[in-house]
Protein chains: 2
Amino acid sequence: MRWSELNQADCPIARALSIVGDRWTFLILRDCFFGLKRFEAFQANLGLSRTILRDRLAHLVRAGLLVQRPYQIKPVRYDYVLSAKGRALNGVMLMLGQWGAAAVEGQPETQVRHRHQTCGEILVPYVACTACGEKVVEKDVRAERRAKVLT
Amino acid sequence: MRWSELNQADCPIARALSIVGDRWTFLILRDCFFGLKRFEAFQANLGLSRTILRDRLAHLVRAGLLVQRPYQIKPVRYDYVLSAKGRALNGVMLMLGQWGAAAVEGQPETQVRHRHQTCGEILVPYVACTACGEKVVEKDVRAERRAKVLT
DNA sequence: TTTGTGAGTTTAGTTTATAAACTCACTCAT
DNA sequence: ATGAGTGAGTTTATAAACTAAACTCACAAA
């Protein structure tokens with residue numbers, strides 16, 4: 001499995017990673033959720049090389065997660081904002097943050113929290129099942145391959 | 001921000017990515033959730049170089065997401081199984097798969113599904129708020145930095 | 001004795017990422 | 001209109017990461 005073929009995988013996780021699975025893309029998207037829009041802002045905040053930032057932004061635009069919007073003409077300057085497809089990653093972000101706060105040991109506590117506006121509380125996210133509404137725990141999940149099921 | 005400093009970030013997402021944010025680690029973990037345990041199995045399934053696989057497995061063991069268990073002696077051979085910390089990534093996996101199935105266009109449909117054993121239905125996962133139990137949508141989430149709130 | 005298994009290592013070569021300086025097309029203050 | 005500033009993007013030399021393929025080591029089984 002080469003990285004260039006990963007988008008053809010029949011596993012949805014592999015597909016997702018073909019877009020957001022490299023070292024910087026997810027952090028760029030996090031910054032987008034945080035409200036950053038401009039090249040210089042990403043570069044200053046993340047400290048990645050400009051070359052890579054340029055590549056990753058172009059990639060995210062091609063993949064349809066970010067949209068370029070001109071905020072000035074002469075010269076044309078674009079900012080990068082999340083599309084609906086990009087915003088759909090919100091759940092992944094929340095769960096990843098939830099996990100990350102707990103998973104890294106030997107460091108001071110993290111300082112970023114999320115507040116759920118509808119109830120006013122600090123957001124502690126969990127994954128639930130659309131069909132039954134129950135909290136999903138790992139032991140209750142079984143992966144299935146369609147082909148096997150249909151044969 | 002260097003990758004080596006990312007685990008010190010005060011953002012929980014950055015912390016998470018310091019462990020699972022590179023090109024292969026997440027795919028290795030996906031295979032673990034799928035039930036793979038052995039070096040050769042990962043290598044055959046993912047097709048990554050053995051050198052990198054070795055590095056990533058060692059990294060995951062050091063980070064406490066995988067546990068090495070000897071499955072034979074003479075010579076000692078280990079398999080790699082998810083720890084509680086590793087299994088805690090299940091929610092991220094599910095949400096990422098959910099997103100990935102929809103996000104990549106121009107390819108045949110993905111063939112991997114998850115079934116929720118407790119209700120028997122195909123699992124369509126969503127993120128909910130522990131405090132109010134409601135489904136969380138992006139516009140209702142606000143990031144906060146603790147320092148700012150406390151000042 | 002030979003063949004096989006399985007995790008891991010080595011090596012040489014390719015690909016990808018980095019840092020820092022530079023370009024280009026402007027704006028704005030003097 | 002001159003000179004400093006802004007902001008996205010490019011170039012280039014260098015460094016780090018990754019790959020493929022062959023090899024090692026310790027055994028088991030035929």
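What you see is a predicted model, and the numbers here were worked out from it, not measured in a lab.
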Protein-nucleic acid N or O pairs under 3.5 Å, nucleotides 4-7 of chain C:
| from | atom 1 | to | atom 2 | distance (Å) |
| --- | --- | --- | --- | --- |
| C:dG6 | N2 | B:Arg77 | NH1 | 3.1 |
| C:dG6 | N2 | B:Arg77 | NH2 | 3.4 |
| C:dG6 | N3 | B:Arg77 | NH1 | 2.8 |
| C:dA7 | OP1 | B:Phe39 | N | 3.4 |
| C:dA7 | OP2 | B:Glu40 | N | 2.7 |
| C:dA7 | O4' | B:Arg77 | NE | 3.2 |
| C:dA7 | N7 | B:Glu40 | OE2 | 3.1 |
| C:dA7 | N7 | B:Arg50 | NH2 | 3.2 |

Rounded distance (Å) that lies between atom [atom2] of [N] and atom [atom1] of [X]:
| X | N | atom1 | atom2 | answer |
| --- | --- | --- | --- | --- |
| B:Phe42 | C:dG8 | CZ | P | 11 Å |
| A:Asp22 | C:dT15 | CG | P | 18 Å |
| A:Gln43 | C:dA17 | CD | P | 16 Å |
| B:Leu46 | D:dC18 | CG | P | 14 Å |
| B:Asp79 | C:dG8 | CG | P | 11 Å |
| A:Ile52 | C:dT18 | CD1 | P | 5 Å |

Considering only side-chain heavy atoms of [X], which listed nucleotide, [options], is closest?
| X | options | result |
| --- | --- | --- |
| B:Gln68 | D:dC18, C:dG8, C:dT11 | C:dG8 |
| A:Thr51 | C:dT11, C:dA19, D:dC18 | C:dA19 |
| B:Arg23 | D:dC18, C:dA17, D:dT11 | C:dA17 |

Those residues at least two apart in sequence (or on a different chain) that pass side chain to side chain donor-acceptor pair (under 3.5 Å) with B:Gln107 are none
Tested for side chain to side chain contact (heavy atoms under 4.5 Å, CB included) against A:Leu82, the lone hit among A:Leu60, A:Asn90, A:Leu66 is A:Leu66
Under a 4.0 Å N-O cut-off, is there an ion pair linking [X] with [Y]?
| X | Y | value |
| --- | --- | --- |
| A:Arg50 | A:Glu40 | yes |
| A:Asp10 | A:Arg145 | yes |
| A:Arg113 | B:Glu144 | no |

**Q.** Heavy-atom donor-acceptor pair, B:Gln72 side chain to B:Pro75 backbone, under 3.5 Å
**A.** yes
Query raised in the report: Is a side-chain N or O of B:Arg15 found less than 3.5 angstrom from the main chain of B:Ala9, in a donor-acceptor match?
Result: yes
When A:Ser49 and A:Ile73 are each assigned the nearest nucleotide of DNA chain C, the 5'-most assignment goes to A:Ser49
Report task. Give a yes/no on whether any side-chain N or O of B:Arg56 is located under 4.0 angstrom from OP1 or OP2 of D:dC18. Result -> yes
inquiry  = Does a side-chain N or O of A:Trp24 approach OP1 or OP2 of C:dT16 to a distance below 4.0 Å, or not?
reply    = no
